[in-house]
Amino acid sequence: MQRTIGKLAEAGGVGVETIRYYQRRGLMGVPVRPGGDGWGAGVRRYDETDLRRLKFIRAAQSAGFTLEEIGELLALDEAKDRAKVRALTVKRIAAIDEKIATLSEARTALSKLASECAAGGGGHCPILQAFDGDAG
């Protein structure tokens with residue numbers, strides 16, 4: 001099935017500018033216009049391969065991969081290099097684990113501040129004080 005960029009964007013759940021951005025980044029190709037690039041040229045058409053590529057990019061982003069890493073994954077897929085794909089994935093898992101640890105620490109600190117705030121008492125709010133670098 002052939003589709004315009006607008007229909008491709010709709011089918012992939014993104015905006016047209018997102019597709020253009022992916023094209024500028026080299027993650028997606030730009031189909032040639034039938035009849036050339038000048039006035040009167042036809043409309044670019046995208047096929048199922050383009051839709052699969054778009055969905056792959058979005059799914060990889062949802063899994064936490066950066067666009068740079070997604071470009072590497074796409075290149076590794078063409079090279080059939082499973083070992084490097086696995087290594088890149090393990091690296092991404094480590095980065096996610098680090099982020100989870102950081103968020104967990106932030107959650108613990110905020111929970112403590114919320115409890116201190118709920119305990120009441122006079123004076124400044126402990127939550128606001130925690131974020132005021134000048135408070136002492």
Side-chain angles (χ1 to χ4, degrees):
M1 173 182 203
Q2 297 285 309
R3 22 174 93 78
T4 63
I5 194 169
K7 294 294 183 187
L8 177 67
E10 184 180 321
V14 300
V16 169
E17 286 306 313
T18 300
I19 293 172
R20 290 189 177 126
Y21 180 69
Y22 293 161
Q23 289 171 330
R24 287 192 302 274
R25 294 286 306 256
L27 299 173
M28 292 188 68
V30 179
V32 296
R33 292 177 191 261
D37 283 331
W39 282 101
V43 174
R44 289 187 174 101
R45 298 287 177 181
Y46 297 82
D47 60 22
E48 291 304 310
T49 301
D50 298 307
L51 180 58
R52 277 194 310 277
R53 171 70 60 108
L54 177 59
K55 287 182 176 183
F56 175 91
I57 294 167
R58 301 299 291 167
Q61 280 184 305
S62 293
F65 287 98
T66 65
L67 291 180
E68 183 177 307
E69 290 169 333
I70 292 168
E72 289 180 57
L73 289 172
L74 291 167
L76 292 170
D77 181 41
E78 289 181 22
K80 308 278 189 256
D81 193 338
R82 291 175 62 159
K84 286 185 180 175
V85 170
R86 188 173 46 259
L88 189 59
T89 301
V90 168
K91 180 181 168 188
R92 176 55 33 209
I93 291 168
I96 290 170
D97 286 344
E98 187 176 314
K99 191 170 193 170
I100 289 170
T102 300
L103 290 171
S104 181
E105 289 173 16
R107 185 186 191 290
T108 299
L110 288 172
S111 292
K112 181 180 177 213
L113 289 170
S115 293
E116 290 173 7
C117 182
H124 296 289
C125 173
I127 296 170
L128 299 177
Q129 258 187 319
F131 298 131
D132 185 356
D134 293 334

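Reckoned from all heavy atoms, side chains included, excluding hydrogens, waters and symmetry mates.
Summarising the geometry, atom NZ belonging to K84 is positioned 9.5 Å from atom CD belonging to E72; distances are rounded to the nearest 0.5 Å. Of the inter-residue distances, the one linking D50 atom CG with Q2 atom CD reads 8.5 Å to the nearest 0.5 angstrom. Of the inter-residue distances, the one linking L76 atom CG with L88 atom CG reads 7.0 Å to the nearest 0.5 angstrom. One finds the OG atom of S115 at 9.0 Å from the CD1 atom of I127 (value rounded to the nearest 0.5 Å). In this structure, CG on L8 lies 11.0 Å from OG1 on T18, to the nearest 0.5 angstrom. Atom CG in D77 sits 8.0 Å away from atom CZ in R53 (nearest 0.5 Å).
Connection of V16 to I57 is established within a shared hydrophobic cluster, with ILVMFWY side chains joined at heavy-atom distances below 4.5 Å, either directly or through further cluster members.
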Could you walk me through whether Y46 and L54 satisfy the side-chain contact (heavy atoms from CB on, under 4.5 Å) test, starting with their C-alpha distance in whole Å, then the side-chain angles of each, then the deciding distance to 0.1 Å, before giving a yes or no?
CA-CA 11 Å; Y46 297 82; L54 177 59; over 6 Å; no
Working note: I70 + F56, criterion side-chain contact (heavy atoms from CB on, under 4.5 Å); need CA distance, chi angles, decisive distance, verdict.
CA-CA 9 Å; I70 292 168; F56 175 91; 4.2 Å; yes
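For the pair L27/L74, a side-chain contact is recorded, criterion being any heavy-atom separation below 4.5 Å from C-beta on.
A salt bridge between E48 and R3 is present, with a side-chain N of the basic residue lying under 4.0 Å from a carboxylate O of the acidic one.
The closest donor-acceptor contact from the side chain of D97 to the backbone of I100 lies at 3.5 Å or more, if one exists at all. Using modelled atom types, one side-chain atom of R44 and one backbone atom of P31 make a donor-acceptor pair closer than 3.5 Å. Remark: the backbone N or O of G29 is paired with a side-chain donor or acceptor of Q23 at under 3.5 angstrom. Remark: the backbone N or O of G64 is paired with a side-chain donor or acceptor of R92 at under 3.5 angstrom. The backbone N or O of T66 lies less than 3.5 Å from a partner atom in the side chain of E69, making a donor-acceptor pair.
Taking both residues in full, the closest heavy atoms of A130 and L113 are given as CB-CD1, 3.6 Å, listed atom of the first, atom of the second, then distance. Here the closest heavy-atom approach between residue C125 and residue C117 is recorded as SG-SG, 3.8 Å.
Here E17 pairs with R20 under the side chain to side chain donor-acceptor pair (under 3.5 Å) rule; sequence neighbours left out.
Looking only at atom types and distance, the side chain of Y22 has a donor-acceptor partner in the side chain of R58 under 3.5 Å away. R52 and T49 are linked by a side-chain donor-acceptor pair at a separation below 3.5 angstrom, with hydrogens and angles left out of the test.
A side-chain contact (heavy atoms from CB on, under 4.5 Å) with K99 is found for one member of L103, T102, I96 and no other, namely L103.
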